[in-house]
Amino acid sequence: MKKSEVPQDKSALENFTREVCYVKNEDGQYDTELSTGWEAKKVALDEAWKEIEERIQHAREQIKKGEASPILYFMEEKLMDFTVLAGYTGIWKFRIKRHLKPNAFKKLSDSTLKRYADAFDISINELKNFKA
């Protein structure tokens, strides 16, 4: 691919990152060029973000119904799973799963809530008083 042929299609990540492509310059030597993406990648990214938004909305609904704690929402929002959150908090996965239940969440100490809040980069107050 020539430098002038590198796709520059708009994508969800265009303001955050660019992808390095290896291209041939005018002298026929390999060089690098930044790309904002191309149509096929844009479609795949848009679908992935759509699914993430649906998961976040589902978490909000579960919290509103009293079926889950705010931890679920912030896990989804920060794109974390149990393993990642356990790594950030030092809390075992089975305990995190238990803390997703509203009754267990209400009983958490401030020190445990701080570990979650730090992992989510929010305050304890935001975590405690989250309104879905």
Side-chain angles (χ1 to χ4, degrees):
M1 178 183 324
K2 294 180 183 175
K3 222 174 195 181
S4 61
E5 297 171 345
V6 174
Q8 299 294 339
D9 297 336
K10 306 291 183 197
S11 74
L13 296 178
E14 86 177 282
N15 295 326
F16 301 103
T17 186
R18 303 211 188 285
E19 187 172 2
V20 175
C21 295
Y22 291 94
V23 297
K24 285 192 175 183
N25 62 19
E26 298 79 30
D27 300 329
Q29 301 294 318
Y30 281 101
D31 201 356
T32 59
E33 181 68 20
L34 295 177
S35 170
T36 58
W38 53 88
E39 186 63 25
K41 189 173 184 177
K42 177 195 179 308
V43 170
L45 283 172
D46 288 347
E47 284 299 312
W49 282 114
K50 182 180 171 185
E51 183 180 330
I52 290 166
E53 290 298 324
E54 288 171 2
R55 290 177 62 160
I56 291 170
Q57 184 57 36
H58 182 68
R60 279 183 182 275
E61 291 168 9
Q62 285 184 289
I63 294 165
K64 281 182 184 177
K65 292 178 185 175
E67 297 172 352
S69 75
I71 293 171
L72 178 63
Y73 171 82
F74 289 106
M75 279 179 65
E76 295 294 354
E77 183 189 52
K78 301 294 184 179
L79 306 176
M80 294 181 169
D81 61 12
F82 292 109
T83 303
V84 171
L85 186 55
Y88 275 98
T89 61
I91 299 171
W92 292 346
K93 290 189 284 186
F94 81 90
R95 289 188 67 209
I96 294 171
K97 290 177 185 177
R98 191 168 156 265
H99 297 162
L100 292 181
K101 297 176 183 169
N103 289 336
F105 178 78
K106 290 175 188 173
K107 297 175 186 174
L108 293 177
S109 67
D110 280 353
S111 63
T112 302
L113 289 171
K114 177 150 179 45
R115 290 161 73 179
Y116 282 118
D118 288 347
F120 298 139
D121 197 27
I122 59 173
S123 69
I124 294 174
N125 197 33
E126 287 176 273
L127 186 57
K128 277 183 172 179
N129 299 315
F130 178 75
K131 301 291 182 215

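Values in this document were obtained by computation on a predicted structure and should not be read as measured data. What you see below is based on every heavy atom in this structure, not just the backbone, and it leaves out hydrogens, waters and symmetry mates.
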Colleague: Once the angle between the rings of Y116 and F120 is folded into 0 to 90°, is it parallel (under 30°), tilted (30 to 60°) or perpendicular (over 60°)?
Modeller: parallel

Colleague: What I'd like to find out is whether the side chain of T32 reaches to under 4.5 Å of the side chain of Y22, using heavy atoms alone.
Modeller: yes

Colleague: Can you tell me how far CE of M75 sits from CZ of R55, rounded to the nearest 0.5 angstrom?
Modeller: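 R55 CZ to M75 CE: 8.5 Å, rounded to 0.5 Å.
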
Colleague: Transitively linked via ILVMFWY side-chain contacts under 4.5 Å: V43 with W49?
Modeller: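 No: no chain of side-chain contacts under 4.5 Å links V43 to W49.
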
Colleague: Which atom pair, heavy atoms only, marks the closest approach of A59 to Y73?
Modeller: CB-CA, 3.9 Å

Colleague: Take atom CZ of R115 as the centre, draw a 6.0 Å sphere, and report whether it contains more than 12 heavy atoms from other residues, nucleotides or ligands.
Modeller: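 Count over threshold, so yes.
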
Colleague: Would you mind checking if D46 and K50 are paired as a salt bridge, meaning a charged N to carboxylate O distance below 4.0 Å?
Modeller: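 Result for this pair is no, no salt bridge flagged.
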
Colleague: How many angstroms lie between atom CG of L100 and atom CG of L85, to the nearest 0.5 angstrom?
Modeller: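 Going from the CG atom of L100 to the CG atom of L85 covers 8.5 Å.
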
Colleague: What pair of heavy atoms forms the shortest contact from G66 to P102, and how long is it?
Modeller: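 Nearest pair, atom of G66 first, then P102: O-CG, 3.2 Å.
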
Colleague: How long is the span from the CD atom in E19 to the CG atom in L34, to the nearest 0.5 Å?
Modeller: 10.0 Å

Colleague: If you measure from CG on L79 to CD1 on I52, what distance do you get to the nearest 0.5 Å?
Modeller: 5.0 Å

Colleague: Give a yes or no answer on whether the side chain of D27 reaches the backbone of Q29 with a donor-acceptor pair at less than 3.5 Å.
Modeller: no

Colleague: Grouping I, L, V, M, F, W and Y whenever their side-chain heavy atoms are under 4.5 Å apart, do W92 and Y88 come out in a common cluster?
Modeller: no

Colleague: If you look only at distance, which donor and acceptor atoms sit under 3.5 Å apart when one is on a side chain in residues 121-132 and the other is two or more places apart or in another chain?
Modeller:
from, atom 1, to, atom 2, distance (Å)
S123, OG, E126, N, 3.0
S123, OG, E126, OE1, 3.3
N125, OD1, N129, ND2, 2.3
E126, OE1, S123, N, 2.9
K128, NZ, D110, OD1, 2.9
N129, ND2, N125, O, 3.2

Colleague: As an exercise, state the distance from CG of L72 to CD of E76, rounded to the nearest 0.5 Å.
Modeller: 5.5 Å

Colleague: Quick check: closest heavy atoms across I63 and P70, and the distance to 0.1 Å?
Modeller: CD1-CA, 3.7 Å

Colleague: How long is the span from the NE2 atom in H99 to the NZ atom in K101, to the nearest 0.5 Å?
Modeller: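 If I round to the nearest 0.5 Å, the distance is 10.5 Å.
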
